[in-house]
Amino acid sequence: MADQHAQSGEDKRPTEIPVIRWEEPPEGPVLVLLDQTRLPVEEVELVCTDAPMLVEAIRSLAVRGAPLLGIAGAYGVALAAVRGFDVDDAADALAGARPTAVNLAVGVRRAQAAYRAELARSGDTDKAAEAALAAARKLHRDDAEASARMAERGLALLDELLPGGGHRVLTHCNTGSLVSGGEGTAFAVALAAHRAGQLRRLWVDETRPLLQGARLTAYEAARSGMAYTLLTDNAAGSLFAAGEVDAVLIGADRIAADGSVANKVGSYPLAVLARYHHVPFIVVAPVTTVDRDTPDGASIEVEQRAGFEVTEVTAPQVPVTGPGGGIPVAPLGTQAYNPAFDVTPPELVTAIVTEEGVVSPVTAEALAEVCARSREVTIG
Ligand SMILES: CSC[C@H]1O[C@H](OP(=O)(O)O)[C@H](O)[C@@H]1O
(Lines give C-alpha, C1' and ligand atoms only; values in the text may rest on other atoms or scores of the structure.)
Protein backbone atom coordinates (compact mmCIF):
# COMPACT_ATOMS: atom_id res chain seq x y z
CA MET A 1 0.00 0.00 0.00
CA ALA A 2 1.62 3.28 -1.11
CA ASP A 3 2.67 5.59 1.71
CA GLN A 4 1.94 9.28 1.37
CA HIS A 5 5.56 10.00 2.30
CA ALA A 6 8.63 7.81 2.50
CA GLN A 7 9.82 7.71 6.10
CA SER A 8 12.61 10.27 6.29
CA GLY A 9 13.38 10.10 9.99
CA GLU A 10 13.99 13.86 9.85
CA ASP A 11 11.43 16.57 10.54
CA LYS A 12 11.05 18.65 7.39
CA ARG A 13 9.96 21.66 9.40
CA PRO A 14 9.64 22.40 13.09
CA THR A 15 6.39 20.83 14.18
CA GLU A 16 5.91 23.39 16.95
CA ILE A 17 3.10 25.34 15.35
CA PRO A 18 2.35 28.83 16.80
CA VAL A 19 -1.22 27.95 17.79
CA ILE A 20 -1.61 30.54 20.56
CA ARG A 21 0.31 33.55 21.87
CA TRP A 22 -0.25 36.54 24.13
CA GLU A 23 0.77 39.89 22.69
CA GLU A 24 0.79 43.41 24.14
CA PRO A 25 0.60 45.90 21.23
CA PRO A 26 0.17 49.63 22.04
CA GLU A 27 -3.59 49.38 21.58
CA GLY A 28 -3.87 46.79 24.34
CA PRO A 29 -3.22 43.10 25.08
CA VAL A 30 -4.56 40.50 22.66
CA LEU A 31 -4.68 36.73 22.35
CA VAL A 32 -3.52 35.58 18.92
CA LEU A 33 -4.78 32.21 17.70
CA LEU A 34 -4.04 30.14 14.60
CA ASP A 35 -7.53 29.74 13.11
CA GLN A 36 -7.81 25.97 12.81
CA THR A 37 -11.00 26.16 10.74
CA ARG A 38 -8.90 27.54 7.85
CA LEU A 39 -6.27 24.76 7.91
CA PRO A 40 -4.78 23.15 5.93
CA VAL A 41 -5.47 25.54 3.07
CA GLU A 42 -4.67 28.81 4.85
CA GLU A 43 -2.61 29.70 7.90
CA VAL A 44 -4.72 32.61 9.21
CA GLU A 45 -4.43 34.22 12.63
CA LEU A 46 -7.38 35.31 14.73
CA VAL A 47 -6.80 38.26 17.10
CA CYS A 48 -9.03 38.12 20.18
CA THR A 49 -9.48 41.35 22.13
CA ASP A 50 -12.11 40.14 24.58
CA ALA A 51 -13.72 37.04 26.06
CA PRO A 52 -16.80 36.98 23.77
CA MET A 53 -14.51 36.76 20.72
CA LEU A 54 -12.65 33.89 22.36
CA VAL A 55 -15.91 32.13 23.28
CA GLU A 56 -16.93 32.22 19.62
CA ALA A 57 -13.51 30.95 18.56
CA ILE A 58 -13.89 28.02 20.95
CA ARG A 59 -17.43 27.23 19.81
CA SER A 60 -16.43 27.32 16.12
CA LEU A 61 -13.32 25.21 16.78
CA ALA A 62 -11.00 27.95 15.53
CA VAL A 63 -9.21 26.96 18.72
CA ARG A 64 -9.79 23.40 19.89
CA GLY A 65 -8.45 20.32 21.60
CA ALA A 66 -8.70 19.76 25.34
CA PRO A 67 -5.28 20.91 26.62
CA LEU A 68 -5.23 23.95 24.32
CA LEU A 69 -8.76 24.87 25.36
CA GLY A 70 -7.53 24.99 28.95
CA ILE A 71 -4.65 27.26 27.99
CA ALA A 72 -6.89 29.49 25.85
CA GLY A 73 -9.50 29.68 28.61
CA ALA A 74 -6.92 30.79 31.14
CA TYR A 75 -5.57 33.47 28.77
CA GLY A 76 -9.19 34.52 28.14
CA VAL A 77 -9.68 35.25 31.84
CA ALA A 78 -6.44 37.25 31.86
CA LEU A 79 -7.59 39.15 28.76
CA ALA A 80 -10.85 40.11 30.46
CA ALA A 81 -8.97 41.17 33.58
CA VAL A 82 -6.34 43.33 31.87
CA ARG A 83 -8.97 45.00 29.70
CA GLY A 84 -11.20 45.78 32.67
CA PHE A 85 -14.13 43.51 31.87
CA ASP A 86 -16.00 41.59 34.55
CA VAL A 87 -13.71 38.64 35.26
CA ASP A 88 -16.33 36.34 36.78
CA ASP A 89 -18.74 36.87 33.87
CA ALA A 90 -15.92 36.21 31.40
CA ALA A 91 -14.84 33.09 33.29
CA ASP A 92 -18.36 31.67 33.33
CA ALA A 93 -18.84 32.32 29.61
CA LEU A 94 -15.48 30.76 28.73
CA ALA A 95 -15.95 27.71 30.97
CA GLY A 96 -19.36 27.07 29.39
CA ALA A 97 -18.25 27.50 25.76
CA ARG A 98 -17.95 23.72 25.23
CA PRO A 99 -19.11 21.16 27.79
CA THR A 100 -17.05 18.00 27.30
CA ALA A 101 -13.36 18.93 27.45
CA VAL A 102 -12.76 19.30 31.18
CA ASN A 103 -9.46 21.12 30.60
CA LEU A 104 -11.36 24.23 29.49
CA ALA A 105 -13.01 24.73 32.87
CA VAL A 106 -9.82 23.73 34.69
CA GLY A 107 -7.80 26.40 32.90
CA VAL A 108 -10.46 29.07 33.29
CA ARG A 109 -10.99 28.42 37.01
CA ARG A 110 -7.25 28.29 37.67
CA ALA A 111 -6.76 31.78 36.19
CA GLN A 112 -9.91 33.05 37.90
CA ALA A 113 -8.72 31.72 41.26
CA ALA A 114 -5.34 33.41 40.79
CA TYR A 115 -7.10 36.70 40.00
CA ARG A 116 -9.36 36.45 43.04
CA ALA A 117 -6.53 35.47 45.39
CA GLU A 118 -4.38 38.44 44.38
CA LEU A 119 -7.33 40.82 44.51
CA ALA A 120 -8.12 39.63 48.03
CA ARG A 121 -4.48 40.01 49.03
CA SER A 122 -3.68 43.40 47.51
CA GLY A 123 -6.97 44.92 46.46
CA ASP A 124 -5.15 45.92 43.27
CA THR A 125 -6.94 44.91 40.04
CA ASP A 126 -3.81 45.42 37.94
CA LYS A 127 -1.84 43.04 40.13
CA ALA A 128 -4.78 40.62 40.06
CA ALA A 129 -4.81 40.74 36.25
CA GLU A 130 -1.08 40.02 36.21
CA ALA A 131 -1.68 37.05 38.52
CA ALA A 132 -4.28 35.65 36.10
CA LEU A 133 -1.85 36.09 33.22
CA ALA A 134 0.92 34.41 35.18
CA ALA A 135 -1.39 31.46 35.85
CA ALA A 136 -2.18 31.19 32.12
CA ARG A 137 1.49 31.34 31.19
CA LYS A 138 2.32 28.65 33.76
CA LEU A 139 -0.43 26.38 32.41
CA HIS A 140 1.00 26.93 28.92
CA ARG A 141 4.50 25.97 30.05
CA ASP A 142 3.29 23.03 32.14
CA ASP A 143 1.36 21.62 29.19
CA ALA A 144 4.41 21.78 26.96
CA GLU A 145 6.37 19.87 29.60
CA ALA A 146 3.53 17.36 30.04
CA SER A 147 3.44 16.79 26.28
CA ALA A 148 7.14 15.91 26.19
CA ARG A 149 6.79 13.54 29.16
CA MET A 150 3.75 11.83 27.65
CA ALA A 151 5.63 11.35 24.38
CA GLU A 152 8.49 9.70 26.23
CA ARG A 153 6.25 7.43 28.28
CA GLY A 154 4.10 6.57 25.28
CA LEU A 155 7.07 5.60 23.13
CA ALA A 156 8.40 3.36 25.90
CA LEU A 157 4.97 1.71 26.16
CA LEU A 158 4.81 1.10 22.40
CA ASP A 159 8.26 -0.48 22.47
CA GLU A 160 7.20 -2.65 25.43
CA LEU A 161 3.94 -3.79 23.83
CA LEU A 162 5.32 -4.09 20.29
CA PRO A 163 8.95 -5.21 20.48
CA GLY A 164 10.91 -4.90 17.25
CA GLY A 165 9.78 -1.43 16.19
CA GLY A 166 8.16 -0.63 12.82
CA HIS A 167 4.93 0.42 14.49
CA ARG A 168 1.86 0.94 12.35
CA VAL A 169 -0.29 3.25 14.43
CA LEU A 170 -3.85 4.37 13.79
CA THR A 171 -5.01 7.69 15.20
CA HIS A 172 -8.34 9.52 15.24
CA CYS A 173 -9.09 13.24 15.18
CA ASN A 174 -6.15 15.55 15.92
CA THR A 175 -3.90 15.46 18.95
CA GLY A 176 -0.69 17.26 17.95
CA SER A 177 0.72 20.76 18.41
CA LEU A 178 -2.70 22.13 17.44
CA VAL A 179 -4.16 20.95 20.75
CA SER A 180 -1.26 21.72 23.05
CA GLY A 181 1.32 24.03 24.53
CA GLY A 182 3.86 21.55 23.14
CA GLU A 183 3.67 18.79 20.53
CA GLY A 184 0.38 17.34 21.70
CA THR A 185 -0.76 14.13 23.27
CA ALA A 186 -1.27 11.00 21.15
CA PHE A 187 0.33 12.54 18.06
CA ALA A 188 3.36 13.51 20.16
CA VAL A 189 3.86 9.79 20.85
CA ALA A 190 3.67 9.01 17.13
CA LEU A 191 6.12 11.85 16.48
CA ALA A 192 8.52 10.44 19.09
CA ALA A 193 8.28 7.02 17.46
CA HIS A 194 8.98 8.60 14.08
CA ARG A 195 12.04 10.43 15.41
CA ALA A 196 13.26 7.20 16.99
CA GLY A 197 12.90 5.41 13.65
CA GLN A 198 10.18 3.21 15.18
CA LEU A 199 7.16 4.43 13.20
CA ARG A 200 6.50 2.54 10.00
CA ARG A 201 3.24 4.33 9.24
CA LEU A 202 0.62 6.58 10.81
CA TRP A 203 -2.91 5.74 9.72
CA VAL A 204 -4.94 8.93 9.90
CA ASP A 205 -8.71 8.70 10.29
CA GLU A 206 -10.25 11.63 8.40
CA THR A 207 -12.63 12.12 11.38
CA ARG A 208 -16.00 13.22 10.06
CA PRO A 209 -17.80 15.53 10.18
CA LEU A 210 -15.25 18.34 10.82
CA LEU A 211 -12.31 16.38 9.38
CA GLN A 212 -9.77 17.13 12.09
CA GLY A 213 -7.76 14.13 10.89
CA ALA A 214 -7.72 15.00 7.19
CA ARG A 215 -7.27 18.73 7.73
CA LEU A 216 -5.11 18.88 10.83
CA THR A 217 -3.36 15.58 11.60
CA ALA A 218 -2.33 15.12 7.97
CA TYR A 219 -1.08 18.74 8.04
CA GLU A 220 1.07 17.99 11.10
CA ALA A 221 2.21 14.59 9.83
CA ALA A 222 3.32 16.11 6.51
CA ARG A 223 5.32 18.80 8.35
CA SER A 224 7.04 16.12 10.41
CA GLY A 225 8.17 14.00 7.46
CA MET A 226 6.65 10.83 8.87
CA ALA A 227 5.02 8.19 6.65
CA TYR A 228 1.27 8.66 6.91
CA THR A 229 -1.83 7.57 5.05
CA LEU A 230 -5.28 9.13 5.25
CA LEU A 231 -8.40 6.95 5.36
CA THR A 232 -12.11 7.41 5.71
CA ASP A 233 -13.42 6.54 9.16
CA ASN A 234 -15.39 3.73 7.52
CA ALA A 235 -12.18 2.10 6.23
CA ALA A 236 -10.61 1.56 9.66
CA GLY A 237 -12.29 -1.82 10.13
CA SER A 238 -10.79 -3.23 6.94
CA LEU A 239 -7.31 -2.14 8.08
CA PHE A 240 -7.71 -4.07 11.33
CA ALA A 241 -9.03 -7.07 9.41
CA ALA A 242 -5.98 -6.93 7.12
CA GLY A 243 -3.66 -6.96 10.13
CA GLU A 244 -2.34 -3.50 9.22
CA VAL A 245 -2.77 -1.86 12.64
CA ASP A 246 -0.35 -2.54 15.50
CA ALA A 247 -1.79 0.01 17.96
CA VAL A 248 -4.39 2.75 18.28
CA LEU A 249 -3.27 6.07 19.78
CA ILE A 250 -5.96 8.64 20.67
CA GLY A 251 -6.40 11.64 22.91
CA ALA A 252 -9.14 12.45 25.40
CA ASP A 253 -11.40 15.32 26.30
CA ARG A 254 -12.51 14.08 29.68
CA ILE A 255 -11.57 10.97 31.64
CA ALA A 256 -14.01 10.04 34.40
CA ALA A 257 -12.85 8.80 37.80
CA ASP A 258 -13.56 5.18 36.78
CA GLY A 259 -11.34 5.52 33.67
CA SER A 260 -14.12 6.00 31.11
CA VAL A 261 -12.75 8.09 28.23
CA ALA A 262 -14.68 10.75 26.34
CA ASN A 263 -13.04 11.50 23.02
CA LYS A 264 -13.92 12.46 19.48
CA VAL A 265 -16.90 10.52 18.16
CA GLY A 266 -15.66 7.39 16.44
CA SER A 267 -13.22 6.52 19.23
CA TYR A 268 -15.50 3.93 20.84
CA PRO A 269 -15.91 1.87 17.64
CA LEU A 270 -12.11 1.86 17.31
CA ALA A 271 -11.85 0.50 20.86
CA VAL A 272 -14.25 -2.32 20.01
CA LEU A 273 -12.34 -3.11 16.81
CA ALA A 274 -9.03 -3.02 18.71
CA ARG A 275 -10.33 -5.42 21.33
CA TYR A 276 -11.74 -7.81 18.73
CA HIS A 277 -8.43 -7.79 16.82
CA HIS A 278 -6.21 -7.92 19.96
CA VAL A 279 -4.63 -4.52 19.21
CA PRO A 280 -3.55 -2.18 22.06
CA PHE A 281 -5.92 0.81 22.44
CA ILE A 282 -3.88 3.55 24.07
CA VAL A 283 -5.22 6.87 25.37
CA VAL A 284 -2.73 9.72 25.84
CA ALA A 285 -3.83 12.62 28.05
CA PRO A 286 -2.44 14.93 30.75
CA VAL A 287 -3.74 14.53 34.30
CA THR A 288 -5.66 17.80 33.84
CA THR A 289 -7.99 15.78 31.58
CA VAL A 290 -8.91 13.40 34.42
CA ASP A 291 -12.03 14.67 36.17
CA ARG A 292 -12.32 13.09 39.59
CA ASP A 293 -15.66 14.86 40.10
CA THR A 294 -17.20 12.88 37.24
CA PRO A 295 -17.64 9.34 38.56
CA ASP A 296 -18.22 7.40 35.35
CA GLY A 297 -18.81 7.58 31.61
CA ALA A 298 -22.56 7.99 31.93
CA SER A 299 -21.92 11.20 33.88
CA ILE A 300 -19.94 12.85 31.08
CA GLU A 301 -21.89 15.49 29.14
CA VAL A 302 -21.36 14.81 25.44
CA GLU A 303 -21.53 17.94 23.31
CA GLN A 304 -24.23 17.76 20.61
CA ARG A 305 -23.34 19.97 17.67
CA ALA A 306 -25.38 21.51 14.83
CA GLY A 307 -26.80 19.12 12.25
CA PHE A 308 -25.50 21.19 9.32
CA GLU A 309 -21.97 20.01 10.17
CA VAL A 310 -23.18 16.61 8.98
CA THR A 311 -25.57 17.66 6.19
CA GLU A 312 -23.17 20.16 4.60
CA VAL A 313 -19.50 20.24 3.69
CA THR A 314 -17.60 23.51 4.00
CA ALA A 315 -14.18 24.82 3.01
CA PRO A 316 -12.69 28.32 3.03
CA GLN A 317 -13.21 28.73 -0.71
CA VAL A 318 -16.65 27.12 -0.80
CA PRO A 319 -19.40 29.62 -1.73
CA VAL A 320 -22.12 29.89 0.88
CA THR A 321 -25.10 27.86 -0.36
CA GLY A 322 -26.61 25.87 2.51
CA PRO A 323 -28.19 27.28 5.66
CA GLY A 324 -25.02 26.33 7.54
CA GLY A 325 -22.77 28.08 5.04
CA GLY A 326 -21.67 25.02 3.12
CA ILE A 327 -22.64 22.72 0.25
CA PRO A 328 -25.58 20.44 1.14
CA VAL A 329 -24.79 16.72 0.89
CA ALA A 330 -28.27 15.75 2.11
CA PRO A 331 -31.73 17.04 1.21
CA LEU A 332 -32.44 20.43 2.77
CA GLY A 333 -34.27 19.94 6.04
CA THR A 334 -32.60 16.60 6.79
CA GLN A 335 -32.26 16.05 10.51
CA ALA A 336 -28.79 14.90 11.63
CA TYR A 337 -27.38 13.24 14.77
CA ASN A 338 -24.07 14.95 15.54
CA PRO A 339 -22.49 14.10 18.91
CA ALA A 340 -19.00 15.60 19.03
CA PHE A 341 -17.71 12.81 21.29
CA ASP A 342 -18.36 9.29 22.46
CA VAL A 343 -17.35 7.41 25.61
CA THR A 344 -15.13 4.33 25.78
CA PRO A 345 -15.48 2.18 28.93
CA PRO A 346 -12.27 1.49 30.87
CA GLU A 347 -12.34 -2.23 30.14
CA LEU A 348 -11.69 -1.49 26.45
CA VAL A 349 -8.71 0.80 27.18
CA THR A 350 -5.34 -0.96 27.24
CA ALA A 351 -3.55 1.97 28.90
CA ILE A 352 -3.89 5.63 29.72
CA VAL A 353 -0.57 7.44 29.26
CA THR A 354 -0.19 10.59 31.36
CA GLU A 355 2.82 12.75 32.11
CA GLU A 356 2.81 11.33 35.66
CA GLY A 357 2.72 7.67 34.66
CA VAL A 358 0.97 4.93 32.68
CA VAL A 359 -2.30 3.47 33.97
CA SER A 360 -2.77 -0.15 32.87
CA PRO A 361 -5.00 -1.95 33.55
CA VAL A 362 -7.35 1.02 33.85
CA THR A 363 -9.00 1.06 37.26
CA ALA A 364 -10.29 3.93 39.37
CA GLU A 365 -7.66 3.19 42.00
CA ALA A 366 -4.73 3.11 39.57
CA LEU A 367 -5.93 6.29 37.88
CA ALA A 368 -6.30 8.11 41.20
CA GLU A 369 -2.81 7.01 42.26
CA VAL A 370 -1.19 8.39 39.10
CA CYS A 371 -3.13 11.64 39.33
CA ALA A 372 -2.07 12.04 42.96
CA ARG A 373 1.54 12.23 41.77
CA SER A 374 0.77 15.51 40.03
CA ARG A 375 2.46 18.49 41.66
CA GLU A 376 -0.55 20.67 41.01
CA VAL A 377 -3.93 20.41 42.72
CA THR A 378 -6.32 21.15 39.87
CA ILE A 379 -8.89 23.82 40.67
CA GLY A 380 -12.12 22.65 39.10
C1 LIG B 1 -6.18 15.70 23.22
S2 LIG B 1 -7.17 17.05 22.85
C3 LIG B 1 -7.67 16.58 21.29
C4 LIG B 1 -9.05 16.05 21.35
O5 LIG B 1 -9.96 17.13 21.12
C6 LIG B 1 -10.67 16.83 19.94
O7 LIG B 1 -11.94 17.34 19.97
P8 LIG B 1 -12.25 18.75 19.21
O9 LIG B 1 -11.52 18.70 17.90
O10 LIG B 1 -13.76 18.72 19.07
O11 LIG B 1 -11.76 19.82 20.14
C12 LIG B 1 -10.67 15.34 19.91
O13 LIG B 1 -11.58 14.79 20.84
C14 LIG B 1 -9.25 15.05 20.27
O15 LIG B 1 -8.99 13.76 20.72
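We count ligands from 1, going down the list as the structure has it; atoms in each ligand are counted the same way. Since the structure is predicted, the reported quantities are computational estimates derived from the model, not experimental observations.
Under the 4.5 Å side-chain criterion, counting only non-hydrogen atoms from C-beta, E27 is not in contact with T49.
The distance criterion of under 3.5 Å between nitrogen or oxygen atoms is met by R98 with respect to ligand 1. Geometrically, ligand 1 and T175 share no nitrogen or oxygen pair separated by less than 3.5 Å. The shortest N or O to N or O distance between N174 and ligand 1 is not under 3.5 Å. Considering both main-chain and side-chain atoms, L69 never comes within under 3.5 Å of ligand 1 through any nitrogen or oxygen pair. In terms of polar-atom proximity, H172 is not counted as a contact of ligand 1, lacking any N or O under 3.5 Å from an N or O of the ligand.
The shortest contact between atom 5 (O) of ligand 1 and any protein heavy atom is with D253 OD2, 3.2 Å. With respect to atom 1 (C) of ligand 1, the closest heavy atom belonging to the protein is T185 OG1, 3.5 Å. Ranking protein heavy atoms by distance to atom 2 (S) of ligand 1, first place goes to A66 N, 3.1 Å. Atom 15 (O) of ligand 1 has its closest protein heavy atom at N263 OD1, 2.5 Å. Atom 9 (O) of ligand 1 has its closest protein heavy atom at R64 NE, 2.7 Å.
Taking every heavy atom of P67 and a limit of under 4.0 angstrom, the matching atoms of ligand 1 come to 1 (C), 2 (S). Applying the 4.0 Å criterion to heavy atoms of G65 picks out, from ligand 1, the atoms 2 (S), 3 (C), 5 (O), 11 (O). Interface atoms of ligand 1 facing Q212, defined by a heavy-atom separation under 4.0 Å, are 8 (P), 9 (O), 10 (O). The atoms of ligand 1 that sit less than 4.0 Å from any heavy atom of C173 are 6 (C), 9 (O), 12 (C), 14 (C).
In summary, the side chains of E220 and N174 do present a donor paired with an acceptor at a separation below 3.5 Å, with no hydrogens or angles considered.
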Step by step, would you call V63 with L68 a side chain to side chain contact (heavy atoms under 4.5 Å, CB included)? CA-CA 7 Å; V63 59; L68 186 63; 3.6 Å; yes
Report the C-alpha separation of Y219 and R215 in whole Å, then their side-chain angles, then the decisive distance to 0.1 Å, and conclude whether the side-chain hydrogen bond (donor to acceptor under 3.5 Å, both in side chains) test is met. CA-CA 6 Å; Y219 168 81; R215 295 188 303 107; over 6 Å; no
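A donor-acceptor contact shorter than 3.5 Å is absent between the side chain of T185 and the backbone of G251. No donor-acceptor pair under 3.5 Å is formed between the side chain of D205 and the backbone N or O of T207. At distances below 3.5 Å, at least one donor-acceptor pair connects side-chain atoms of E355 with backbone N or O atoms of V287. Judged by distance alone, the side chain of T350 and the main-chain N or O of F281 form a donor-acceptor pair under 3.5 Å.
Counting heavy atoms closer than 4.0 Å to ligand 1, residue A252 contributes backbone atoms (N, CA, C, O) but none from C-beta onward. For L61, every heavy-atom contact with ligand 1 shorter than 4.0 Å involves the side chain, none the backbone.
Of the options T354, N263, I250, V248, a side-chain contact (heavy atoms from CB on, under 4.5 Å) to V283 is made by I250 and by none of the others.
Note that the CD1 atom of I255 and the CZ atom of R292 stand 12.0 Å from one another [nearest 0.5 Å].
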